Enquirer: 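Quick one: the structure is below, and I'll ask about it shortly.
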Number of protein chains: 2
Amino acid sequence: MSEAGLPRYHSGGLAGEALLEELRATLVHGNPERTATLDTTLRFVAEHGLGPQSLPVEIIQLVGDRWSALMLTVLAAGTFRPSELQKVVSLLSHIGNSNSISQRVLTAKLRSYERLGFVRRTAWDTVPPRTDYDLTPLGHELVKIIRDIVLWCLDKEDDVRSAIQAFDESEDE
Amino acid sequence: MSEAGLPRYHSGGLAGEALLEELRATLVHGNPERTATLDTTLRFVAEHGLGPQSLPVEIIQLVGDRWSALMLTVLAAGTFRPSELQKVVSLLSHIGNSNSISQRVLTAKLRSYERLGFVRRTAWDTVPPRTDYDLTPLGHELVKIIRDIVLWCLDKEDDVRSAIQAFDESEDE
DNA sequence: CCGAATCCGACGGGATACTG
DNA sequence: CAGTATCCCGTCGGATTCGG
């Protein structure tokens with residue numbers, strides 16, 4: 001869904017060192033005892049680049065929407081035609097009292113997954129037309145990661161919900 | 001940033017079974033040989049609920065934006081005041097030729113993290129005012145997951161980029 | 001049945017100004 | 001310095017229509 005150019009990072013060079021120097025000057029000023037872990041963390045970020053244009057963040061944004069977790073998890077089960085996928089995703093989302101996914105965003109999402117190499121599109125020119133979508137090996141790896149996230153979230157669900165409750169209560173007093 | 005009620009799922013019961021039956025009827029119809037892995041996957045999704053309103057997807061959406069990966073990773077390095085955090089995040093994002101994060105979204109993000117129990121807010125009523133933010137243990141776990149995602153993305157960066165290139169080339173022909 | 005095009009409401013996110 | 005409010009714009013996402 002993003003048409004950005006995804007420019008490769010040209011970091012890791014001298015700019016990174018100068019930057020770290022500037023950050024050190026900024027931060028240590030008000031809090032002298034922090035340098036050790038701070039420095040290694042900042043170095044990690046500076047090297048890999050986690051800015052909005054970085055590939056990791058682009059991927060995170062692509063998957064961090066309303067439907068991707070569900071769509072990709074379902075797709076991990078096999079090969080689907082768009083109409084099938086729409087029906088399955090919609091039915092499953094109804095469990096949580098959510099609306100159906102529209103065909104528009106379904107196809108758009110599938111295309112963006114295909115663009116990054118997460119799904120494979122196979123089209124026959126029959127009549128009526130038929131198109132199949134399934135995950136690539138890379139896509140299966142991605143789903144594995146998503147699954148880990150989901151399981152972690154479910155594991156921490158009680159903690160998060162009590163935090164939400166405590167926060168909301170202390171708000172409207 | 002989302003004020004939704006995050007209703008708990010009431011799945012896993014009979015509705016799930018009826019739903020699976022309906023899905024089975026829909027899917028096996030056009031493709032009889034798929035039942036085994038499909039069924040277990042659908043069952044997983046039906047039980048845990050990965051719809052747009054589910055807590056996992058809410059969390060994924062919260063983190064799946066422009067700034068969260070960077071913000072949370074930086075926060076993992078220690079305690080920060082908002083102005084410090086803004087400066088660090090902005091400087092680091094400049095590596096990727098991105099703009100700075102605005103104070104508006106910075107504070108909004110911090111509040112939503114705090115709401116879910118990922119960060120802790122400590123405020124003194126001094127003058128001038130001072131506020132410190134740092135990660136909770138839960139937040140540190142979250143950052144660990146984000147770090148894994150980022151490392152995976154970086155590991156697959158070449159694959160993804162070549163996929164993008166191939167896709168875009170086959171587009172404008 | 002696939003999917004592109006159009007219209008439209010909602011939200012994310014940036015810039016600025018203002019209060020405590 | 002922390003935080004909120006206002007304004008604005010670009011994008012996301014839903015509903016509908018049309019073509020192949």
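All values derive from a computational prediction rather than experimental measurement. Side chains are part of it too, since the values below use all heavy atoms of this structure and drop only hydrogens, waters and symmetry mates. So that the names make sense, note that chain A is the first sequence line, chain B the second, and so on, each numbered from 1.
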Enquirer: CZ of A:R81: more than 12 outside heavy atoms within 6.0 angstrom?
Expert: yes
Enquirer: Between A:K144 and A:D148, is the closest basic N to carboxylate O distance under 4.0 Å?
Expert: no
Enquirer: Please report the distance, rounded to the nearest Å, between CG in B:L62 and P in C:dG12.
Expert: 10 Å
Enquirer: Tell me, please, which residues at least two apart from B:D132 pass salt bridge (charged side-chain N to carboxylate O under 4.0 Å, His left out).
Expert: B:R130
Enquirer: Rounding to an integer number of Å, can you tell me how far B:K87 NZ sits from D:dA2 P?
Expert: 12 Å
Enquirer: Round to the nearest Å and state the distance from B:E84 atom CD to D:dA2 atom C1'.
Expert: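 In whole Å, D:dA2 C1' lies 13 Å from B:E84 CD.
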Enquirer: Between the protein and nucleotides 14-20 of chain C, are there any N/O to N/O pairs under 3.5 Å, and if so, what are the atom names and distances?
Expert:
| unit_1 | atom_1 | unit_2 | atom_2 | d |
| --- | --- | --- | --- | --- |
| C:dG14 | OP1 | B:R66 | NE | 3.3 |
| C:dG14 | OP1 | B:W67 | NE1 | 3.0 |
| C:dG14 | OP2 | B:W67 | NE1 | 3.4 |
| C:dG14 | O6 | B:R104 | NE | 3.0 |

Enquirer: In whole angstroms, how far is the P atom of D:dA2 from the CD atom of B:E114?
Expert: 15 Å
Enquirer: To the nearest Å, give me how far apart CG (A:L106) and P (C:dC1) are.
Expert: 14 Å
Enquirer: Could you verify whether a donor N or O on one side chain and an acceptor N or O on the other, from A:Y133 and A:T122, lie under 3.5 Å apart?
Expert: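 Note: A:Y133 and A:T122 side chains miss the donor-acceptor criterion.
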Enquirer: Whole-Å distance between D:dT16 C1' and A:Q86 CD?
Expert: 13 Å
Enquirer: With a 4.0 Å cutoff (strictly under), does any side-chain N or O of B:S83 reach OP1 or OP2 of D:dA2?
Expert: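 Yes, such a contact exists.
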Enquirer: Looking only at side-chain N and O atoms, does A:R81 come under 4.0 Å of OP1 or OP2 in C:dC1?
Expert: no
Enquirer: Between the side chains of B:K156 and A:E141, is the shortest nitrogen-to-carboxylate-oxygen separation below 4.0 Å, so that they form an ion pair?
Expert: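 Salt bridge: yes.
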Enquirer: With nearest nucleotide decided by heavy atoms, which residue, A:A123 or A:Q61, maps closer to the 5′ end of DNA chain C?
Expert: A:A123
Enquirer: Give me the atom names and distance for the closest heavy-atom approach of B:N99 to B:W67.
Expert: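 Looking at all heavy atoms of both residues, the closest pair is O-CH2, 3.1 Å.
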Enquirer: For the pair made of CG in B:L110 and P in D:dT4, what is the distance, rounded to whole Å?
Expert: 11 Å
Enquirer: Going by the rule side-chain hydrogen bond (donor to acceptor under 3.5 Å, both in side chains), which residues pair with B:R111 if we only count those two or more places apart in sequence or in a different chain?
Expert: A:E171
Enquirer: Take atom CG of B:D65 and atom C1' of D:dC12, then tell me their distance rounded to the nearest Å.
Expert: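 Taking CG of B:D65 and C1' of D:dC12, I get 14 Å after rounding.
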